[in-house]
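See below for the structure under consideration.
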Protein chains: 2
Amino acid sequence: MPAEEPSTRDKLLDAFETLLVTEGSRSATLDNVAGAAGVSKGGLLYHFHSKDDLVDAMLSRMREMGERDIAAMRTAPQGPVDYYLETSVDSGSAFDRALIAAARIAQENDERAGNALAALREQWFAVLSEHLGDEALARTIQLIGDGLYFDDTSGFTHPRALEHVRDVLARLDF
Amino acid sequence: MPAEEPSTRDKLLDAFETLLVTEGSRSATLDNVAGAAGVSKGGLLYHFHSKDDLVDAMLSRMREMGERDIAAMRTAPQGPVDYYLETSVDSGSAFDRALIAAARIAQENDERAGNALAALREQWFAVLSEHLGDEALARTIQLIGDGLYFDDTSGFTHPRALEHVRDVLARLDF
DNA sequence: TCTACTGTACCGTCCAGCCGGTACAGTGCC
DNA sequence: GGCACTGTACCGGCTGGACGGTACAGTAGA
């Protein structure tokens, strides 16, 4: 089937996230978001009554994707650890973009974004910890995942980072 | 000797960093920075001709602290690995604050900040890699450090994170 | 007719940067 | 010592533009 054209509402959320990720929160203005989505400012404010509304909607969409991600992690054929690490290297997926966007919002002292991210992190940790039966190792792997994320979002990505991590983790044979 | 009162110039840089770290780049306006430093906006602009100037000065100060940090890491009694991990858990030091502030600036697509951070990271990696003689392990440890940083700056800190990392690294007996 | 917009015209506030001024500690010179 | 002047450190009012948000009239398609 042909890829369905996303709704204007989703295009606006996509544009908001993309601006946050690629240019930071100062560039994510209503005018810029509307422009990037190919919509007028009036059109944006038709769908979202305020910037806060836009943030809420973005976080809701992220939570939904988060639930699907946790489920996928639990049932991943390569196991949760490898699934987690792989998806921590920014694949450019919609979920990754949403996560980074939420982190940007959280940095501006936004509790909603902070809480949403914290909740997700707890779930990831729970799956890792449950699977490994080793809290220290689960914590360490989550830290490595955080590092991979941080590097990607800061432009410090090393092409062989994931390979190196796998190499080291293999020595621990858990 | 009594603690010397920092110069107005340094107070302004401190205030700029603190605002970036605690409230994000949107709050780090010239008015807010001046106010937080107990100076008028005119006073701020006497010392720094523009916001760009303020960023340049902040990065210069960070680079100086960075050189001292790399030197300290090389000669640390507990070894560079532990030194690196310990200082990755935000101690609230001036250097930590500068690093986080620079990361915030870098997120707004600022090449100067991005390059300054990248240069520092290369040096940290070089010391780790040299000391360990193991690129994969050095990379992994740097990722863990990045994760510790990311968590701290995002409010996700786990009190026993460092302890857990030490536990896992001990199993690798390098 | 209803939904989903466009486009324009605003408003009040915030923001970066500019500029005229003030205070005051020196410094050179008669 | 007295005067003229310089440089440093700062104040605070102002401007032009950006920003979030409001209001509303119009329109194209289902």
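Order of the sequence lines sets the chain letters (A, B, ...), proteins ahead of strands, with each chain counted from 1.
By the neighbour-count criterion of 12 heavy atoms within 6.0 Å, atom CD of A:E111 is sparsely surrounded, having that number or fewer from other residues, nucleotides or ligands.
A donor-acceptor pair shorter than 3.5 Å cannot be found between the side chains of B:N32 and B:S27. Checked by atom type, the side-chain pair B:D69/B:Y84 shows no donor-acceptor distance below 3.5 Å. Counting only N and O atoms by type, the side chains of B:S129 and B:E135 include no donor and acceptor under 3.5 Å apart. Checked by atom type, the side-chain pair A:S154/A:D151 shows no donor-acceptor distance below 3.5 Å.
Using a 4.5 Å heavy-atom threshold, the side chains of B:L120 and B:R63 count as separate.
For C:dC5, the OP1/OP2 oxygens have a side-chain nitrogen or oxygen of A:H47 closer than 4.0 Å. Contact annotation: A:Y46 side-chain N/O to C:dC5 OP1/OP2 distance is not under 4.0 Å.
Residue B:S40 is the one, among B:S40 and A:S27, whose nearest nucleotide of DNA chain D lies closer to the 5' end (criterion: closest heavy atom).
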Problem - Check against side-chain hydrogen bond (donor to acceptor under 3.5 Å, both in side chains), B:Y149 and A:D146 - result: CA-CA 9 Å; B:Y149 242 110; A:D146 290 340; over 6 Å; no
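Mapping heavy-atom proximity under 4.0 Å, the span of DNA chain D touched by chain B runs 5' to 3' from D:dT8 to D:dG20.
Test A:L44, A:V39, A:T18 against A:V33 for side-chain contact (heavy atoms from CB on, under 4.5 Å) and you get one pass: A:L44.
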Under-3.5 Å N/O pairs linking protein and nucleotides 16-18 of chain C:
from: C:dA16; atom 1: OP1; to: B:K51; atom 2: NZ; distance (Å): 2.7
from: C:dA16; atom 1: OP2; to: B:L30; atom 2: N; distance (Å): 2.8
from: C:dA16; atom 1: N7; to: B:K41; atom 2: NZ; distance (Å): 2.6
from: C:dG17; atom 1: OP2; to: B:K51; atom 2: N; distance (Å): 2.9
from: C:dG17; atom 1: N7; to: B:K41; atom 2: NZ; distance (Å): 3.4
from: C:dG17; atom 1: O6; to: B:K41; atom 2: NZ; distance (Å): 3.0

